[in-house]
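Reviewing the structure listed below.
Basis for what follows: all heavy atoms, side chains included, without hydrogens, waters or symmetry-related copies.
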Amino acid sequence: MSQTKQVEEKWLALWEAACVFEADPNPAKQKIMVTFPFPYMNGPLHVGHAFSASRVDVYARFKRMQGYNVLWPWSWHWTGQPLLGASQRVARGDQEYIRVLREVDGVPEEHLQKFVDPKYMAQYYTNEGKNAAKHIGFSVDWRREFTTVWPTFQKFIEWQYKNLREQGYVTRGTHPVVWCPKDKSPTGDHDRQSGEGVTPEQYTLIKYKLVDKNVILPAATFRPETIYGITNIWINPDATYVEATVNSSEIWVISQEAAEKLKEQEKIVVVNRVFKGRELVGKTFENPLTHETFPILPGWFIDTKVATGIVFSVPAHAPFDWLALRDLQLKPEVMGDFGVDPQVVLQIKPVSIIKVDGFGKYPAIEIVEQMDIKDQQDPKANQATKELYKKEFHSGKLEANCGVYVGKSIREVKDQLIGDFGKLGISDVMYDLAESVVCRCMTPCVVKILSDQWFLNYSDSKWKDKTKEVIAQMKIYPETARTSFYATTDWLKEWACARTTGFGTPLPWSEGWIIETLSDSTVYMAFYTINKHINQSNISPEALIPEVFDYIYHGKGNQTQISKTTGITGELLEAMRKEFLYWYPFDLRNSAKELVPNHLSFCIFHHAALFPPEHWPKGIGVNGMLMVEGQGMHKSKGNFITLKSAINKYGADATRCGLMIGAEGMDDPDWRADNANDLKNKFESLKSFVNNIIASGKQSENTALERWLQSKMQYRIREVTESLDELKTRTALQTALFEVWNDLRWYIQRKGSINTVALVEAVKVWIKMLAPFAPYMCEEMWSQAGEESFVSTAYWPKFDENKLDFAAEEQEKLIIDMLTDTQNILKATKITPKRFVFYTAATWKWQIYLKILEKTSTGEAKISELMKEFSNNTELKPCMKDIAVLVPKIIKAATKLSSNRKANMIKIQKIDEKQAIQNALNFLKDRFNAEVNVYSEDDKNRYDPKNRASIAIPYQPAIYIE
RNA sequence: GCGGAGGUCGCCCAGCAUGGUCAAAGGCGUAGGACUGAGGCUCCUAUCCUGCAGAGGUUCGUGGGUUCAAAUCCCACCCUCCGCACCA
């Protein structure tokens, strides 16, 4: 076992033995409750989970060290269909899938065989997940754990839905879904062989009538407004159509495919006879709106797989229609084949109904000519159609021949028009898929309208308003994500909240329906607060009647009474109520940004509905999606990294930091194996760096250098603390790890040794600041520093203004600036130096320097005024000539200083530059590998062959290099 | 299409709210040096261009504008990423 592994095992065991992360209510302490959306258990935890969850853990550990009573509970999501689907694939012997389980997930053979049982599979991944979560060092209180199929949890969900329904948030209706006729279930993206992302599209069917016959030709369109511009109907003469009785009342002519599809869309379709499309060519039909009549023409471009296979023609506005018509008009004799008079075709004139900017009367004809489209087969025809439809939709206005809709833009009138036509009984609705979708079982999918579907009515405007109130009072990390929450709240509509298959909690009032995944995971954070008691006291699910939850969560009902009916003791009821009141609401829930439009928003909606304002969520964190080596992580791409494998390879600390250093805010972090490996190595050297210091730090010194170090550490403490408070985990880690390390290195270089107590103190602060990120390593170092307690519960360092030392900072800055300047000169001159001489500014120059600082920090520094002031000073009067040169130089230097720094410089007045440089002499000699001298400009006997000293100004000693 | 987030010096990224302290932090990479038997690791130095004295020049998606002054403010444009539903 590697050393890293040993350290991890050791501290994991010690934490568990000491129950460090088990949190119980403690009125004397302020609480923080943090949560992470429970992961779905159809696979192992991966580094993507670890990224979002590590942010939670870092925050939890930080707050715990700050003295808060921190609760971080965790659970497992089993609800839904994919677990069943996965297990079926194993049962079916799907080799590709089994290979992935074996090689990517690393499932051992003896378990793999038992995956035919979905619950076994889920339990396997749950066990694995818990192990990984523990090893990565998440500071979780495991006593509150559950899975969503536990009957006790399901009682909670039943209570939740009973409550929602009583408030009228659960409604019933119909809903179109992509449907597998073989599986008899909705086919989500996960269940598809092909056609990912394809959704049902709604067509309007205009019910044209065959003249003199009681037969309807339902022509499908996305643009029902074009009914006013119709000139004919297209039928594919070679395709198969049927005449069918629909809903026992009407006779429809539709394509054979359409007849099957409509059967799934709440229509009773009885096929009476089957025939070829050519039979209809030449017949006339009537527009149900205007009662005008038009002919049916042959259109070979009509695809009967799309919608009804009947299309009405609007040649003025549809490029395809125009092209088809033009082709026919060029060869009208074709009509003879159908026994139709060619005149029928030649008489057709396009009817203009939409005025659109940039086009004349017949946009379709114009665009066909502009783009030089030859015929229906020309690929440019599709492009032209898209372009024109878009233009007409956005800027088109309906013309005078469009009835009551005249002058309206299509965008504003479309929905109204569809509704009107429906009411008039001249239209119907059909759904179809824009691209083919094939189920994993290889069956092509269709659209099915689910009737009696249960919905959560997120359209309810009162619910939306209340949800916005919740958002308004919430802290959102980062703040920029707030707009997406508001946008989502506005945009959410009815959500189908139940389905007929998969794991989950049955709807208590409607048999056969199971509450779906995203709907049973909205307020379960409240369940954590009491599940400790349910687990420990073995409360039976039967006892968890709604009144119990009403009492705990809403303080309703009589405790004695409830105790009597359920057998739960009054004490226990009281304890659960108190536990809920202590912990709730949660202070942070963090997840990836893809959950904003669904899970996280649902969570807010449901809290708004079920809890009073004092229990509304306090904070939600959103982060980017983890990338792996610059690409999205997918099992199929072969770049899937399980948490377990990352820990094994890099260790928990390096994995955590590799993730945290990637990004913060909404940016997508990028996991790079090189980085993780690099961090692993860095931590090795960090440990020996720290151990050496701890072992040798015996000298208690207090020079400017120690004061500088202490001062510097204060700034680091402040930055790390403030960053963590804003969940800026990347900034915090970068400062805590790299910036502090650089500070310590500088100190050591300057000091030339590591044996000071001050350095040990700084290192201890460092360990504490790193502890939330790399807890194992820090516990180890902490104990090696002689500390008995856990660093996990040590006090977080506090920024202390009194420990700042501006003078020490300025002295150090002086040395650094001098070094930079000197190196700059060396670079420019390319000389090989034998000797360096530094000259600090004469005392009288300080008067001038400080005066100018004061002037520039309060307002503008005018040279003339300054000169006057200086000449009044008897002390300065003799050197007015030098002053005249000096003043502009100093003013220029002063403009480069921040106002903060200026204020500090004024506060400390003059620093002893010569002494400061003298103290650094050994360091400088070492650095330059040459002789180094320092003089003050005031020194009469200085070595100064080029009279450099005269150009020295405060904070900018003159330099002479031989 | 709708909604959201972004484009910074080889790469990852900080800065932008409150314009000047920004040639722009930090990490990675690269080069040189130290250490080592050698390598890895580690440590030091450099890393936009020019410059024989601490300086100058050109940069922050593109093009305009405001201002004494813009990576930061305004306008237009181009490009990238994410979500769009019954599915976790």
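Using a 4.0 Å heavy-atom cutoff across all strands shown, A:Gln453 reaches no nucleic acid atom at all. Residue contacts shown for A:Leu686 are absent, as no nucleic acid heavy atom lies under 4.0 Å away. Across all strands, A:Thr199 comes closer than 4.0 Å only to sugar-phosphate atoms, never to a base (heavy-atom distances). Contact annotation for A:Pro957: base contact, defined as any heavy-atom pair under 4.0 Å involving a base atom. A:Phe393 comes within 4.0 angstrom of no nucleic acid atom, judged by non-hydrogen atoms across all strands. Across all strands shown, A:Ala481 has no heavy atoms under 4.0 Å from either base or sugar-phosphate atoms. When heavy atoms are screened at a 4.0 angstrom cut-off, A:Leu826 is found touching no nucleic acid atom at all.
Contact check, A:Gln749 against B:rC44: a side-chain N or O comes under 4.0 Å of OP1 or OP2. Within the structure, every side-chain polar atom (N or O) of A:Thr488 is placed at least 4.0 Å from both OP1 and OP2 of B:rG4.
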Q) Yes or no on side-chain hydrogen bond (donor to acceptor under 3.5 Å, both in side chains) for A:Thr79 and A:Asp520, after CA distance, side-chain angles and deciding distance? A) CA-CA 8 Å; A:Thr79 308; A:Asp520 83 341; 2.5 Å; yes
Q | Residue pair A:Tyr524, A:Phe38: steps toward the ring pair (Phe, Tyr, Trp, His ring centres under 6.0 Å) verdict | A | CA-CA 10 Å; A:Tyr524 70 91; A:Phe38 43 30; 3.8 Å; yes
Q.
Evaluate A:Trp671 against A:Tyr650 for ring pair (Phe, Tyr, Trp, His ring centres under 6.0 Å), listing each step before the verdict.
A. CA-CA 12 Å; A:Trp671 169 269; A:Tyr650 310 107; 5.8 Å; yes
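Spacing of C1' atoms, B:rG54 relative to B:rC43, comes out at 28 Å, to the nearest Å. Nucleotides B:rA31 and B:rG10, compared at atom C1', are 13 Å apart to the nearest Å. Taking the P atoms as reference points, B:rA46 lies 13 Å from B:rA25, given to the whole Å. Comparing B:rC73 with B:rG1, their P atoms are spaced 26 Å from each other, to the whole Å. Atom name P, nucleotides B:rG15 and B:rU8: the rounded distance is 14 Å, in whole Å. Taking atom C1' in both B:rC78 and B:rG63, one finds a spacing of 10 Å when rounded to whole Å. Spacing between B:rC79 and B:rU66 at atom C1', rounded to whole Å, works out to 26 Å. Spacing between B:rC9 and B:rU72 at atom P, rounded to whole Å, works out to 14 Å.
Ring-plane geometry between A:His175 and A:Phe455 is classed as perpendicular, the angle between the planes exceeding 60 degrees on a 0 to 90 degree scale with a lower cut at 30.
Taking the side chain of A:Ile961 as heavy atoms from C-beta on, and the options B:rC86, B:rC84, B:rA53, the nearest nucleotide is B:rA53. With distances taken from any side-chain atom of A:Trp741 to the nucleotides B:rC43, B:rC41, B:rC86, the minimum falls on B:rC43. For A:Pro186, the side-chain atoms get nearest to B:rC86 when compared with the rest of B:rC86, B:rC82, B:rG54. When the nucleotides B:rG54, B:rA85, B:rG83 are ranked by their closest atom to the side chain of A:Pro597, B:rG83 comes out on top.
The separation between A:Phe836 atom CZ and B:rA53 atom P is 15 Å, rounded to whole Å. Rounded to a whole Å, the CD atom of A:Gln823 is 5 Å from the P atom of B:rA46. Rounded to an integer number of Å, the gap from CG of A:Leu819 to P of B:rU45 is 8 Å. In this structure, the CG atom of A:Asp490 is 10 Å from the P atom of B:rG4, given to the nearest Å. Straight-line distance from the NE2 atom of A:His599 to the P atom of B:rG83: 17 Å, rounded to whole Å. Nucleotide B:rC86 holds its C1' atom 16 Å from the CG atom of A:Asp452, rounded to whole Å. Whole-Å rounding puts the A:Glu201 CD to B:rA85 P distance at 11 Å. Straight-line distance from the CG atom of A:Asp520 to the C1' atom of B:rC86: 13 Å, rounded to whole Å.
Here A:Phe222 and A:Tyr389 keep their ring centres 6.0 angstrom or further from each other.
A cation-pi arrangement is found for A:Arg750 relative to A:Phe923, the charged atom lying closer than 6.0 Å to the ring centre and inside a 45° cone about the ring normal.
Under the Watson-Crick and G-U wobble criteria, each requiring two contacts below 3.5 Å, nucleotide B:rC84 is paired to B:rG1. Using Watson-Crick or G-U wobble geometry with both donor-acceptor distances under 3.5 Å, B:rC73 finds its partner in B:rG65. B:rA46 is paired with B:rU30 under the Watson-Crick or G-U wobble criterion, all donor-acceptor distances under 3.5 Å. Here B:rC13 sits opposite no nucleotide as a Watson-Crick or G-U wobble pair (both hydrogen-bonding atom distances under 3.5 Å). For B:rU36, there is no paired nucleotide, since no Watson-Crick or G-U wobble pair has both relevant distances below 3.5 Å. Shown here, B:rG6 forms a base pair with B:rC79; the pair counts as Watson-Crick or G-U wobble because both key distances fall under 3.5 Å.
With sequence neighbours excluded, the residues that form a ring-ring contact (aromatic ring centres under 6.0 Å, His included) with A:Tyr849 are A:Tyr955. Residues satisfying the side-chain hydrogen bond (donor to acceptor under 3.5 Å, both in side chains) criterion with A:Asp105, sequence neighbours excluded, are A:Tyr125, A:Lys635.
For A:Asn824 against B:rG54, no side-chain N or O and base N or O form a donor-acceptor pair under 3.5 Å.
Judged by distance alone, with hydrogens and angles left aside, the side-chain atoms of A:Thr187 form a donor-acceptor pair with the main-chain N or O of A:Cys180 at under 3.5 Å.
For the residue pair A:Thr489 / A:Thr467, no side-chain donor-acceptor distance below 3.5 Å is found, with atom types taken as modelled.
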Q: Do nucleotides 11-28 of chain B as a string where each nucleotide becomes B, S or -: B if the base has a protein heavy atom under 4.0 Å, S if just the sugar-phosphate does, - if no protein is that close.
A: --SS------B---BBSS
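Map A:Thr820 and A:Ser685 each onto its nearest nucleotide of RNA chain B; the residue landing nearer the 5' end is A:Ser685.
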